[in-house]
Amino acid sequence: MSATATETIATTPSSTLPLPKARPPKIDFSSVNPNNIGTLRKLNQVLFPIRYSEKFYKDVLLPEHEEFCKLIYYNDIPVGDICCRIETDPNDETKSRLYIMTMGVLAPYRSRKVGSKGLQHVIDNAIALSKKKDAGKSLETIYLHVQTSNDDGRRFYEKHGFREVGRVDGYYKKLEPHDAWVLEKSLTESAEERP
């Protein structure tokens, strides 16, 4: 390179150089498996005020839960998880529902659409499963318990179409307050809204 070219570059005002475009953050999901179950354990220890049993960790590894138990990555860093299980609807044994056992995102990554994308990913998987002809029982709803002191959590789920359908007094044995709201979302309405 000639000295003139170097001088030209060095004397060009930085305000005239185009700035590189920032890449949007990459949010990915990975099914929980024996190779990353330790990551799920560590995230749950940090995210939740209770310790989950060995049965919980065995259940999330069941093949039928693969599409509903996910680690959430932000630019290849594990920052959250969502773990759900399929249950028979107690009001209609021909139907099933999806129960969100855990969902959490590390504090520095909240308000970056990480939780929203994780929740939508699971909802989309539930809708896809319900549309399969050989799926057996259809998944009609998705629901969870939210501690009554967790107003931010309640607002998050309400923003995503969940509504309060009940309250369970004494649901949390080791936490204060002990009570929980039951929030639910219809998956059949969600399927009709999506293209």
* Identified side chain to side chain contact (heavy atoms under 4.5 Å, CB included) partner of Lys185 from the options Ile123, Thr141, Leu144 ->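 The side chain to side chain contact (heavy atoms under 4.5 Å, CB included) with Lys185 is passed solely by Ile123 among Ile123, Thr141, Leu144.
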* Can you run down the salt bridge (charged side-chain N to carboxylate O under 4.0 Å, His left out) pairs that involve residues 69-78, sequence neighbours left out, and say none if there aren't any? =>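 The answer is Lys26-Asp76, Glu67-Lys70.
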* To do: Quick one: which residue pairs count as a salt bridge (charged side-chain N to carboxylate O under 4.0 Å, His left out) with a foot in residues 47-61, not counting sequence neighbours?
  =>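 Sorted pair list: Arg41-Glu54, Lys55-Asp59.
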For [X] and [Y], which heavy atoms make the closest approach, and how far apart are they?
| X | Y | value |
| --- | --- | --- |
| Leu61 | Pro34 | CD2-N, 3.8 Å |
| Phe162 | Ile100 | CZ-CD1, 4.2 Å |
| Arg85 | Met101 | NH1-SD, 3.5 Å |
| Ile86 | Ser96 | CG2-CB, 3.9 Å |
| Pro177 | Thr148 | CG-OG1, 3.4 Å |
| Leu98 | Ala126 | CD2-CB, 4.0 Å |

* Asked: For Glu64, which residues count as a salt bridge (Lys or Arg N to Asp or Glu O under 4.0 Å) partner, sequence neighbours excluded?
  ->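 So Glu64 forms no salt bridge (Lys or Arg N to Asp or Glu O under 4.0 Å) with any residue.
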* Asked: Same hydrophobic cluster for Phe48 and Val79, using side-chain heavy-atom links shorter than 4.5 Å among ILVMFWY?
  ->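 Same hydrophobic cluster.
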* **Same apolar cluster: Ile37 and Leu62, side chain cutoff 4.5 Å** =>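 Ile37 does not cluster with Leu62.
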Identify, with sequence neighbours excluded, every residue that meets side-chain hydrogen bond (donor to acceptor under 3.5 Å, both in side chains) alongside [X].
| X | result |
| --- | --- |
| Asn150 | none |
| Asp169 | Arg167 |
| Tyr57 | Asn44 |
| Arg112 | Tyr74 |

* **For Phe68, ring pair (Phe, Tyr, Trp, His ring centres under 6.0 Å) partners two or more places apart** =>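 Here no residue qualifies.
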* To do: Only counting residues at least two apart or in another chain, list the ones meeting ring pair (Phe, Tyr, Trp, His ring centres under 6.0 Å) with His121.
  =>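 In terms of ring pair (Phe, Tyr, Trp, His ring centres under 6.0 Å), with neighbours along the sequence ignored, His121 is linked to Phe29.
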Please report the interatomic distance [atom1]([X]) to [atom2]([Y]), rounded to the nearest 0.5 Å.
| X | Y | atom1 | atom2 | answer |
| --- | --- | --- | --- | --- |
| Tyr99 | Cys84 | OH | SG | 10.0 Å |
| Asn91 | Glu140 | CG | CD | 11.5 Å |
| Leu187 | Tyr143 | CG | OH | 13.0 Å |
| Ile72 | Ile77 | CD1 | CD1 | 14.0 Å |
| Asn33 | Cys69 | CG | SG | 11.5 Å |
| Asn36 | Leu71 | CG | CG | 4.5 Å |

Output yes when a side-chain donor or acceptor of [X] lies under 3.5 Å from a complementary backbone atom of [Y], and no otherwise.
| X | Y | result |
| --- | --- | --- |
| His160 | Phe156 | yes |
| Ser130 | Leu139 | yes |
| Ser31 | Glu66 | yes |

Can you name the side-chain contact (heavy atoms from CB on, under 4.5 Å) partners of [X], sequence neighbours left out?
| X | value |
| --- | --- |
| Val105 | Tyr109, Arg110, Val114 |
| Glu158 | Arg154 |
| Val165 | Arg163, Val182, Glu184 |

* Identify whether the distance between the nearest side-chain nitrogen and carboxylate oxygen of Arg97 and Glu87 falls below 4.0 Å. =>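 Between Glu87 and Arg97 there is a salt bridge, with a charged N closer than 4.0 Å to a carboxylate O.
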* Close side-chain approach of Leu40 to Cys83, heavy-atom, < 4.5 Å ->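 Sidechains of Cys83 and Leu40: in contact.
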* **Beyond-backbone contact of Pro49 with Leu175, side-chain heavy atoms, under 4.5 angstrom** =>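 Answer yes - side chains close enough.
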* Any luck finding a side-chain donor-acceptor pair between His145 and Tyr171 under 3.5 Å? ->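 There is such a pair (donor and acceptor under 3.5 Å, judged by atom type) between the side chains of His145 and Tyr171.
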* To do: Could you go through the side-chain hydrogen bond (donor to acceptor under 3.5 Å, both in side chains) check for Thr102 and Asp81 one step at a time?
  => CA-CA 7 Å; Thr102 63; Asp81 66 75; 3.2 Å; yes
